Undergrad: 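Got a structure here, written out as structure tokens. Questions coming.
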2 protein chains.
Amino acid sequence: MTLRDRLAAANLKATHQRMTILAALDDCKIHPSPEKVYEMIKPGNPTISLATVYNTLESFARAGLVNKVASISGNMRYDANIGAHGHIYCHNTDEIIDYYDEDLNMLIIDFFKKKKIGNLKIKNITLNINGDKLDRNKEVTIK
Amino acid sequence: MTLRDRLAAANLKATHQRMTILAALDDCKIHPSPEKVYEMIKPGNPTISLATVYNTLESFARAGLVNKVASISGNMRYDANIGAHGHIYCHNTDEIIDYYDEDLNMLIIDFFKKKKIGNLKIKNITLNINGDKLDRNKEVTIK
DNA sequence: GTGTTTGCAAAAGCTTTGCAAAGTT
DNA sequence: AACTTTGCAAAGCTTTTGCAAACAC
């Protein structure tokens with residue numbers, strides 16, 4: 001599905017800024033802040049405004065095109081991956097890393113087939129792992 | 001364990017402000033923001049400063065006495081419950097509700113006995129359920 | 001008494017808003 | 001042509017900071 005089509009499906013007009021921002025988010029695996037997205041696209045779009053990045057990300061989130069992720073570091077982060085997955089928060093490096101495990105996903109789905117939550121329209125369920133990187137220069141490994 | 005002892009154990013001097021703030025958090029199940037804590041204790045402590053509430057909550061979180069919880073609504077929230085538990089975020093009411101289920105807890109503990117995460121010192125693992133309340137005037141029910 | 005903590009006010013982030021100009025369909 | 005979106009600057013939040021006075025041990 002093209003950027004254009006995804007915007008159309010979300011009822012958003014296909015402006016150059018929106019396509020640039022959505023493409024940047026698709027490419028960016030680090031759950032960037034609006035400021036970070038701005039830095040990423042500024043070189044190729046020198047006239048873009050930071051406020052537009054903020055507003056655009058917010059409208060994407062409202063439309064369900066991306067997920068807004070709250071972070072302990074005090075700014076919002078955006079995630080182009082809208083499938084079911086969890087996050088690893090490294091507090092000492094301010095990184096947010098995707099965590100997906102098929103078995104865990106099944107476990108959670110099965111669990112909530114039995115336990116029902118009433119009076120709530122569930123958007124998503126995510127497992128959050130909070131911690132500190134031991135060696136800041138190395139990756140977090142999942143095995 | 002008394003408020004005094006908990007502060008001592010965290011290496012924090014037992015000031016009147018700290019005991020008031022810790023007691024308020026203990027009593028408050030709604031994961032209050034610093035502003036909200038300030039409103040709660042202000043009547044009985046008219047000279048307390050909002051900055052002190054911010055700084056105190058932050059030092060409690062650093063000491064592991066409470067948990068800092070990031071929220072989509074743009075402010076931080078604090079949680080006196082430091083045991084393993086999850087959260088239900090109602091985006092339309094800005095409520096954060098505790099979610100604890102014995103079975104789910106076991107499931108998650110067992111799961112992470114098998115799947116290891118390397119180069120990360122895990123602080124806690126929480127399951128977050130994001131959604132909107134259907135009837136804003138009624139409680140979310142868990143069964 | 002020594003060192004830490006508080007209150008105040010000011011400053012520093014992060015995010016939203018108002019409005020004219022530009023863009024989209 | 002009608003309506004929406006953008007850029008800019010200003011305003012509005014939340015949170016942190018500097019420093020003298022007050023407090024804890």
Side-chain angles (χ1 to χ4, degrees), chain A residues 2-22 24 31-39 41-63 65-66 68-78 91 94 96, chain B residues 2-22 24 31-39 41-63 65-66 68-78 91 94 96:
Chain A
T2 66
L3 295 171
R4 275 206 123 71
D5 292 344
R6 285 159 69 197
L7 288 171
N11 258 305
L12 296 168
K13 294 194 198 307
T15 66
H16 182 237
Q17 291 88 334
R18 284 177 177 163
M19 290 200 280
T20 306
I21 293 170
L22 189 52
H31 307 80
S33 62
E35 184 80 41
K36 180 78 190 169
V37 172
Y38 180 67
E39 283 170 29
I41 62 179
K42 181 92 188 180
N45 305 266
T47 67
I48 202 163
S49 156
L50 180 55
T52 298
V53 177
Y54 271 96
N55 293 331
T56 301
L57 288 170
E58 193 55 34
S59 64
F60 285 178
R62 255 199 316 271
L65 222 46
V66 308
K68 188 175 183 176
V69 180
S71 139
I72 285 291
S73 52
N75 55 10
M76 292 298 158
R77 312 282 283 266
Y78 292 84
H91 293 206
D94 199 21
I96 300 177
Chain B
T2 67
L3 294 171
R4 276 207 123 70
D5 291 346
R6 284 159 70 197
L7 288 170
N11 258 305
L12 296 169
K13 294 193 200 305
T15 66
H16 181 239
Q17 292 86 336
R18 282 177 178 163
M19 290 200 282
T20 306
I21 293 170
L22 190 51
H31 307 79
S33 63
E35 184 79 40
K36 178 80 190 165
V37 171
Y38 180 68
E39 282 171 29
I41 62 180
K42 181 95 189 180
N45 305 265
T47 67
I48 203 163
S49 157
L50 180 56
T52 298
V53 177
Y54 271 96
N55 292 333
T56 301
L57 288 171
E58 191 57 32
S59 64
F60 286 178
R62 255 198 316 271
L65 221 47
V66 308
K68 188 175 182 175
V69 180
S71 137
I72 286 290
S73 51
N75 54 11
M76 291 297 159
R77 313 282 284 264
Y78 292 85
H91 292 209
D94 199 22
I96 300 177

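Residue numbers start from 1 in every chain, and the chains themselves are labelled A, B, ... in the order their sequence lines are given, proteins ahead of strands. Everything numeric in this text was worked out from a predicted model, so none of it was measured. What's counted below: heavy atoms across the whole structure, side chains too, no hydrogens, waters or symmetry copies.
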Undergrad: Working note: B:Leu3 + B:Thr20, criterion side-chain contact (heavy atoms from CB on, under 4.5 Å); need CA distance, chi angles, decisive distance, verdict.
TA: CA-CA 9 Å; B:Leu3 294 171; B:Thr20 306; over 6 Å; no
Undergrad: Please report the shortest heavy-atom distance between A:Ser49 and A:Tyr38, naming the atom on each side.
TA: C-CE1, 3.8 Å
Undergrad: When rounded to the nearest 0.5 angstrom, what is the spacing between CZ in A:Arg62 and CG in A:Asn55?
TA: 8.5 Å
Undergrad: Rounding to an integer number of Å, can you tell me how far B:Leu22 CG sits from C:dT5 P?
TA: 15 Å
Undergrad: Between atom OG1 of B:Thr52 and atom CG of B:Leu57, what is the distance when rounded to the nearest 0.5 Å?
TA: 10.5 Å
Undergrad: Rounded off to whole Å, could you give me the CG-to-C1' distance for the A:Asn11 and D:dC3 pair?
TA: 14 Å
Undergrad: Do you know the tightest heavy-atom contact between B:Phe60 and B:Arg18?
TA: CZ-O, 3.5 Å
Undergrad: Does any donor atom in the side chain of B:Thr2 or B:Asp5 lie under 3.5 Å from an acceptor atom in the other side chain?
TA: yes
Undergrad: What does the B/S/- profile of nucleotides 11-25 of chain C look like, 5' to 3', with a 4.0 Å heavy-atom cutoff to protein?
TA: ---SBBB------SS
Undergrad: Say you draw a straight line from NZ of A:Lys42 to CG of A:Leu50; how long is it, rounded to the nearest 0.5 Å?
TA: 8.5 Å
Undergrad: Going by heavy atoms in the side chains, are B:Gln17 and B:Asn45 under 4.5 Å from each other?
TA: no
Undergrad: Please report, rounded to the nearest Å, how far the P atom of D:dC23 is from the CE atom of B:Met19.
TA: 14 Å
Undergrad: Starting from the first five and the last five pairs of the helix from C:dG1-D:dC25 to C:dT25-D:dA1, work out the angle between the resulting helix axes, to 10 degrees.
TA: 50°
